[in-house]
Amino acid sequence: MKAIELDKVYNPKNFEDRIYSQWVEDGDFRPSDAKGEPFTVVMPPPNVTGILHMGHALNNSLQDILTRYYRMGGRPTLWVPGTDHAGIATQNVVERQIAKEGLRRQDLGREKFLERTWQVKEKHHDIIVRQLKKIGSSCDWEHERFTMDEGLSKAVRETFVSLYERGLIYRGMYLVNYCPHCGTALADDEVEHQNDKGHLWNINYPLADGSGFITVATTRPETMFGDVAVAVNPDDERYRHLVGKMLKLPLTDREIPVIADSFVGIEFGTGMVKITPAHDPNDWECGKRHNLTPINILNPDGTLNDVCPEQFRGIPAEKARFMVADELLKQGYLGTVQDYDHEVGHCYRCNTTVEPYMSEQWFVKMRPLADKALKAWKDGRLEFHPKRWENTYSSWLENIRDWCISRQLWWGHRIPVWYCKDCGNMMVKREDPCCCEKCGSKNIEQDNDVLDTWFSSWLWPFSTLGWPEQTADFKRFFPTSTLVTAYDIIFFWVSRMIMASLEFTGEVPFKDIYITGLVRDKLGRKMSKSLGNGIDPLEVVDLYGADAMKFTLCYLAAQGQDVLIDMDSFKMGSKFANKIWNATRYILMNLEGRNIVEVKKEDLNDIDRWIYHSFNENAGKVNEALKGYRFNEGAQAVYDFFWNDFCDWYIEASKPELYSDDDARKDRIVSILLDLLARSMRLMHPFLSFITEEIYDRLPNTEGKVISAEFPVFDESLVSEKEAQFVESLQEAVRGIRNAKASLNIPPDKKLKVVIRTDEKGELSEFMKKYSSLISTFSNSGSIIIDDEKKEDITGAFPVAAPGFESFLFVREAIDVDKEIAKLKADIEKTKGLLAGVEKKLGNPNFVNNAKAEAIEKEKSKKAEFEEKLDKALKHIEALKLL
RNA sequence: GGGCGCUUAACUCAGCGGGAGAGUGCUACCUUCACACGGUAGAAGUCGCCAGUUCAAUCCUGGCAGCGCCUACCA
């Protein structure tokens with residue numbers, strides 16, 4: 001066989017793109033035809049507003065790991081990619097764009113504006129897809145979907161009409177959250193509350209009969225023009241006599257009544273509240289209770305309308321606030337003003353202060369849907385990982401409110417409702433109607449609004465598979481297996497998908513929900529454009545490679561904890577990939593003239609059996625970890641095995657074999673190394689996909705690609721506990737000698753005579769004898785003598801204790817006896833402490849009677865071990881004193 | 001106002017009822033032919049504070065403190 005050359009340095013740029021293309025070309029991401037339960041994941045569709053950030057990288061890395069793991073496990077595997085049209089967000093992007101040309105969307109008109117939006121969508125979509133490919137996502141591109149493509153639009157319309165028919169969609173005048181900047185209504189959870197600094201203004205409202213005035217407190221004086229009453233608590237003794245009286249509303253010529261309503265807090269402020277039903281949710285409810293007609297004071301753009309006195313018309317609310325206050329002051333109605341911090345709603349897309357605004361909107365009645373979703377969870381048909389998110393999920397559903405689904409936007413699914421301009425008939429239709437079905441008029445018009453973005457996203461797990469058609473994909477892959485997403489969209493998306501799915505398919509959309517943490521910078525701040533602390537995944541790939549990124553993220557992603565990183569964090573994965581590369585390079589460069597031979601199980605020596613044992617143990621750990629969504633544990637297991645056991649010990653131990661003159665020995669060790677390498681590539685493939693494929697393809701002992709190879713599982717026949725223990729002792733001996741040399745300031749490569757005196761003659765001493773040359777090589781010693789009969793003269797040698805044996809180094813160098821004795825004494829003190837603890841436990845009848853048998857056994861063996869250690873240390877001090 | 005999470009080595013974080021761990025950083029030595037993105041050795045922690053449960057607590061329970069997040073209509 002010829003040696004295989006690998007570049008000296010690991011350079012992922014040389015192969016990552018090539019390998020990805022090959023996978024796609026060979027259809028490796030397509031679900032196989034294998035029988036058995038498919039593993040299906042739908043990708044949370046990124047918004048077509050921007051490019052992928054680290055959060056996406058984390059999400060998709062974890063989905064990729066799962067997908068690759070189950071694919072190698074032999075299940076037909078489908079990972080559905082796609083993008084979301086992201087209504088408001090995308091529309092905002094386009095509006096900003098045309099604003100630079102001095103245009104508003106109204107200037108372009110609906111059709112032209114949508115054209116521009118589709119262009120933006122295409123552009124960002126292409127970038128996103130390129131990014132997903134760059135980071136190695138093994139999703140099936142033939143299944144790619146977009147929330148506004150034909151099939152999904154059909155699903156949206158089916159859903160809307162069907163919900164309407166079931167009486168779960170209604171339309172009405174309500175007070176909704178309204179963003180004046182975006183010009184649209186928002187759902188409750190699209191409003192973000194922030195603590196804003198404001199003022200609490202006290203305003204005096206004179207009694208109409210001239211008998212004085214009362215004082216109300218408000219944070220928004222400008223809304224007084226919408227006041228229809230002032231409320232007091234019915235139990236408030238102070239004001240009981242005022243109820244029913246009329247007040248003169250300052251700056252206007254209106255009069256409003258004093259009413260009693262129990263929602264008013266007696267202690268807060270003055271105990272009197274101005275009631276503005278059109279601009280406050282509480283007041284809205286209160287107004288309804290008292291049959292008060294709301295007065296809207298705002299234009300859709302957030303400026304004061306014609307209801308208000310002329311001087312304030314057209315002024316934005318926040319500015320008008322101070323003008324109104326000024327005017328009140330001037331006319332003597334303004335009382336005290338205090339600084340006041342309070343939570344104010346902001347638009348989650350543009351951060352503008354949200355106004356409660358009265359308008360006609362479409363709503364989904366959520367209670368019936370939420371009840372099904374709650375039941376599914378209570379029945380155990382859903383499982384969150386980590387479990388604590390189930391509380392978030394259930395408490396949201398328990399307190400669910402109706403969902404405002406209409407948006408005054410252009411970008412999105414138009415509401416499938418038509419109005420007849422002649423007879424006023426309203427039609428809710430699956431197919432576009434040509435004329436009014438009541439009066440036959442062709443003068444019909446479609447509702448101008450579009451649906452909330454989430455109205456299409458909530459169908460994602462089944463609409464992407466072809467629903468409402470009963471397609472082969474839908475039948476085969478739905479319900480899906482696992483959803484991986486971040487916790488910030490549990491309400492927006494996860495719970496709504498569950499509700500939609502239960503309502504329309506009767507099944508939960510996925511069984512497992514893995515909630516990732518958020519990616520933050522090292523100061524714990526969310527990565528954001530405005531802070532400039534974001535890390536671009538492509539930059540990481542460019543610098544360190546996609547494998548380094550995925551491995552690092554996975555290693556750090558412990559059970560949904562937030563991940564704090566900076567650019568340097570990825571060095572970890574990069575160094576690991578480099579280590580893998582170089583270990584492989586070493587093995588492949590030694591293939592010259594070698595033959596791959598079959599190594600039978602009985603031909604494995606103790607060291608070989610140990611490494612297979614270790615591989616097997618770690619393979620078991622990886623399987624358990626991934627099944628339980630403990631990604632970091634899986635990553636750690638492959639790291640520990642490959643670096644600590646395989647590279648640091650096994651490959652080092654293989655060197656004397658490889659450099660021997662015996663061809664059979666050389667063939668044997670090369671064959672084993674190649675076998676372990678191939679197994680390792682398979683085990684590591686989900687975590688480091690590109691490098692493992694690149695290496696696997698080059699190995700002379702493999703066929704096919706690693707992406708479709710079989711994933712290693714725990715194999716009982718590879719267990720070799722005894723060898724593992726012996727190798728542990730061997731490592732202990734080596735470390736003891738290295739340690740002693742360092743401590744005695746002896747150059748590490750200085751050859752010394754070492755006598756290892758085992759406590760007894762037996763399997764361990766036989767093992768040590770067999771591998772004494774290995775101990776010598778590892779510890780860079782001279783001759784190693786294994787003495788299991790205590791017959792070697794160890795006078796004047798430097799002693800090192802270990803469980804089961806002692807090492808004696810024959811050193812000529814001057815030893816700082818005092819220093820070494822001091823170290824031993826410190827060690828003795830520590831051991832005495834430990835021993836005392838153990839003895840106390842064993843002397844405690846409660847422990848002996850109550851503890852598990854294995855715990856007691858462990859304490860006993862610890863006791864023996866400590867005693868042995870103590871005994872040896874004391875003897876060693878005596879020996880040192882003689883030097 | 002409710003709820004959740006976090007507090008372990010200088011930093012980022014695992015672990016979680018029975019002798020404190022990783023990576024980075026730091027110190028010393030090593031350019032030995034896979035890898036200096038390396039090797040060997042080392043220093044470094046009262047596992048936030050106070051109680052309780054237990055034979056045994058970094059781990060369980062309760063309280064407290066600090067930080068972060070979510071949620072809520074107090075004008």
Side-chain angles (χ1 to χ4, degrees), chain A residues 6 8-10 189 193 200 216-220 223 231 263-265 267-276 280-286 340 342-343 356 386 388-389 391-392 395-396 399 487-488 490-491 517-518 520 522 524-526 544 548 552 555-556 558-566 568-569 571-572 574-590 632-633 636 639-640 647-648 651-652 655 659 735 738-743 745 747-749 779-780 830 833-834 837-838 840-841 844-852 854-856 858-859 862 865-866:
Chain A
L6 240 48
K8 183 166 179 188
V9 285
Y10 158 69
D189 45 21
H193 292 272
L200 197 57
V216 295
T218 180
T219 52
R220 298 191 303 159
T223 61
F263 96 92
V264 179
E267 303 80 20
F268 189 87
T270 58
M272 305 196 91
V273 188
K274 62 197 255 331
I275 301 299
T276 322
D280 182 277
N282 271 322
D283 297 2
W284 172 263
E285 293 300 324
C286 177
Y340 188 66
H342 61 143
E343 294 285 318
R388 63 186 146 88
W389 291 111
N391 293 329
T392 308
S395 67
W396 188 74
N399 300 304
Y487 56 72
D488 52 351
I490 292 180
F491 305 138
L518 300 180
R520 300 170 180 281
K522 285 240 160 159
R525 300 174 304 182
K526 230 169 166 169
Y544 299 114
T552 304
Y555 193 93
L556 296 175
Q559 280 287 292
Q561 289 297 331
D562 286 351
V563 178
L564 275 62
I565 46 162
D566 60 17
D568 280 350
S569 306
K571 280 185 181 164
M572 196 231 169
S574 171
K575 285 167 80 167
F576 185 44
N578 184 63
K579 189 74 181 177
I580 295 169
W581 185 260
N582 277 293
T584 306
R585 194 165 80 93
Y586 157 78
I587 294 168
L588 296 187
M589 75 182 5
N590 282 296
N632 60 324
E633 289 179 24
Q636 205 174 330
Y639 186 97
D640 287 349
C647 290
D648 287 352
I651 288 188
E652 290 309 315
K655 286 180 178 174
Y659 300 145
R735 286 193 200 104
R738 284 173 178 168
N739 183 321
K741 278 187 174 177
S743 153
N745 287 321
D749 56 347
S779 61
N780 230 321
K830 197 179 157 197
L834 293 170
V838 171
K840 191 181 154 204
K841 269 187 199 171
N844 183 340
N846 287 323
F847 174 71
V848 182
N849 294 331
N850 296 329
K852 284 175 288 185
E854 49 200 275
I856 296 171
K858 196 169 174 197
E859 290 306 313
K862 264 155 69 178
E865 189 191 314
F866 295 150

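Convention: sequence-line order gives letters A, B, ...; per-chain numbering from 1. These values consider heavy atoms only, across backbone and side chains, with no hydrogens, waters or symmetry-generated copies.
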- [ ] Mind checking side chain to side chain donor-acceptor pair (under 3.5 Å) for A:T218 and listing every partner two or more places apart, or none if nothing turns up?
- [x] none
Open item on the list: Restricting to side chain to side chain donor-acceptor pair (under 3.5 Å), what partner residues turn up for A:K655, sequence neighbours left out?
Closed with: A:E652
Open item on the list: Would you say that A:Y487 contacts A:T392 through its side chain, given a criterion of any heavy-atom pair below 4.5 Å between the two side chains?
Closed with: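 No, every pair of side-chain atoms sits at 4.5 Å or beyond.
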- [ ] Answer yes or no: is there a side-chain heavy-atom contact under 4.5 Å between A:T219 and A:L200?
- [x]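 Yes, side chains in contact.
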Task: Donor/acceptor link under 3.5 angstrom from A:K571 side chain onto base of B:rC37 - done: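 Answer is no: no donor-acceptor pair is held.
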Starting from [atom2] on [N], measure out to [atom1] on [X] and report it in whole angstrom.
| X | N | atom1 | atom2 | result |
| --- | --- | --- | --- | --- |
| A:N582 | B:rC33 | CG | C1' | 13 Å |
| A:R520 | B:rG5 | CZ | C1' | 11 Å |
| A:K741 | B:rC30 | NZ | P | 14 Å |
| A:N780 | B:rU40 | CG | C1' | 10 Å |
| A:D648 | B:rC35 | CG | P | 15 Å |
| A:D488 | B:rC4 | CG | P | 20 Å |
| A:R585 | B:rG38 | CZ | P | 14 Å |

Distances under 3.5 Å between protein N/O atoms and the N/O atoms of nucleotides 42-48 of chain B, please, pair by pair.
from	atom 1	to	atom 2	distance (Å)
B:rG42	OP1	A:N739	ND2	2.8

- [ ] Measure the acute angle between the ring planes of A:Y10 and A:W581, then classify it against the limits of 30° and 60° as parallel, tilted or perpendicular.
- [x]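 Tilted, since the angle between the ring planes falls between 30° and 60°.
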- [ ] For the residue pair A:F576 and A:Y639, categorise the inter-ring angle as parallel (less than 30°), tilted (30 to 60°) or perpendicular (more than 60°).
- [x]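 Tilted, since the angle between the ring planes falls between 30° and 60°.
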Tell me if a side-chain donor or acceptor on [X] pairs with a main-chain N or O of [Y] at a distance below 3.5 Å.
| X | Y | result |
| --- | --- | --- |
| A:K741 | A:N780 | yes |
| A:S743 | A:N739 | no |
| A:N582 | A:N578 | yes |
| A:D280 | A:T276 | no |

Task: Closest listed nucleotide, where the reference is the side chain of A:M572 and the choices are B:rA34, B:rA41, B:rG23 - done: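 Closest nucleotide to the A:M572 side chain: B:rG23.
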TODO: Look at the side chain of A:C647 and decide which nucleotide, out of B:rA34, B:rC35, B:rU24, has an atom nearest to it.
DONE: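 Of the options given, the side chain of A:C647 lies nearest B:rA34.
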Under 4.0 Å: is that the gap between some side-chain N or O of [X] and OP1 or OP2 of [N]?
| X | N | answer |
| --- | --- | --- |
| A:K655 | B:rC33 | no |
| A:R388 | B:rC4 | no |
| A:K575 | B:rG38 | yes |

Roughly how many Å apart are [M] and [N], using the [atom1] atom of each and rounding to a whole number?
| N | M | atom1 | result |
| --- | --- | --- | --- |
| B:rG39 | B:rC33 | C1' | 14 Å |
| B:rA57 | B:rC73 | C1' | 45 Å |
| B:rU58 | B:rG18 | P | 10 Å |
| B:rC59 | B:rC50 | P | 12 Å |
| B:rU71 | B:rG21 | C1' | 36 Å |
| B:rC6 | B:rC13 | C1' | 12 Å |
| B:rA56 | B:rG17 | C1' | 8 Å |

- [ ] With sequence neighbours excluded, tell me which residues meet ring-ring contact (aromatic ring centres under 6.0 Å, His included) with A:F263.
- [x]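 Expected list: none.
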Open item on the list: My understanding is that only residues two or more places apart in sequence, or in another chain, count here; which of them pass ring-ring contact (aromatic ring centres under 6.0 Å, His included) with A:Y586?
Closed with: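 Scan of A:Y586 (ring-ring contact (aromatic ring centres under 6.0 Å, His included), adjacent residues dropped) gives none.
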side-chain contact (heavy atoms from CB on, under 4.5 Å) partners of [X], counting only residues at least two apart:
| X | answer |
| --- | --- |
| A:D566 | A:K522, A:D568, A:S569 |
| A:A558 | A:N632 |
| A:V216 | A:I203, A:Y205, A:I214, A:V230, A:M272, A:K274 |

May I ask you to say what [X] touches in the nucleic acid, namely base, sugar-phosphate or nothing, with a heavy-atom cut-off under 4.0 Å?
| X | result |
| --- | --- |
| A:F576 | nothing |
| A:N590 | nothing |
| A:E285 | nothing |

One character per nucleotide, please: for [range], 5' to 3', B when the base has a protein heavy atom closer than 4.0 Å, S when only the sugar-phosphate does, - otherwise.
| range | value |
| --- | --- |
| nucleotides 7-17 of chain B | -----SSS--- |
| nucleotides 70-75 of chain B | -SBB-B |
| nucleotides 54-61 of chain B | -B------ |

- [ ] Walk me through it: do A:V563 and A:Y555 pass the test side chain to side chain contact (heavy atoms under 4.5 Å, CB included)?
- [x] CA-CA 10 Å; A:V563 178; A:Y555 193 93; over 6 Å; no
Task: Lys/Arg-Asp/Glu bridge criterion (N-O < 4.0 Å) met for A:E865, A:K862 - done: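 No, A:E865 and A:K862 are not salt-bridged.
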Open item on the list: Pairs counted only when both distances fall under 3.5 Å, Watson-Crick or G-U: show me the 5' to 3' dot-bracket for RNA chain B, [ ] for pseudoknotted crossings and | for other-strand partners.
Closed with: (((((((..((((....[..)))).(((((.......))))).....(((((..]....))))))))))))....
Open item on the list: Could you measure the distance from the CZ atom of A:F847 to the NZ atom of A:K852? Nearest 0.5 Å is fine.
Closed with: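 It is 10.0 Å, given to the nearest 0.5 Å.
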Open item on the list: Between A:R735 and A:E652, which residue's closest nucleotide on RNA chain B lies nearer the 5′ terminus?
Closed with: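 Per heavy-atom nearest nucleotide, the more 5' residue is A:E652.
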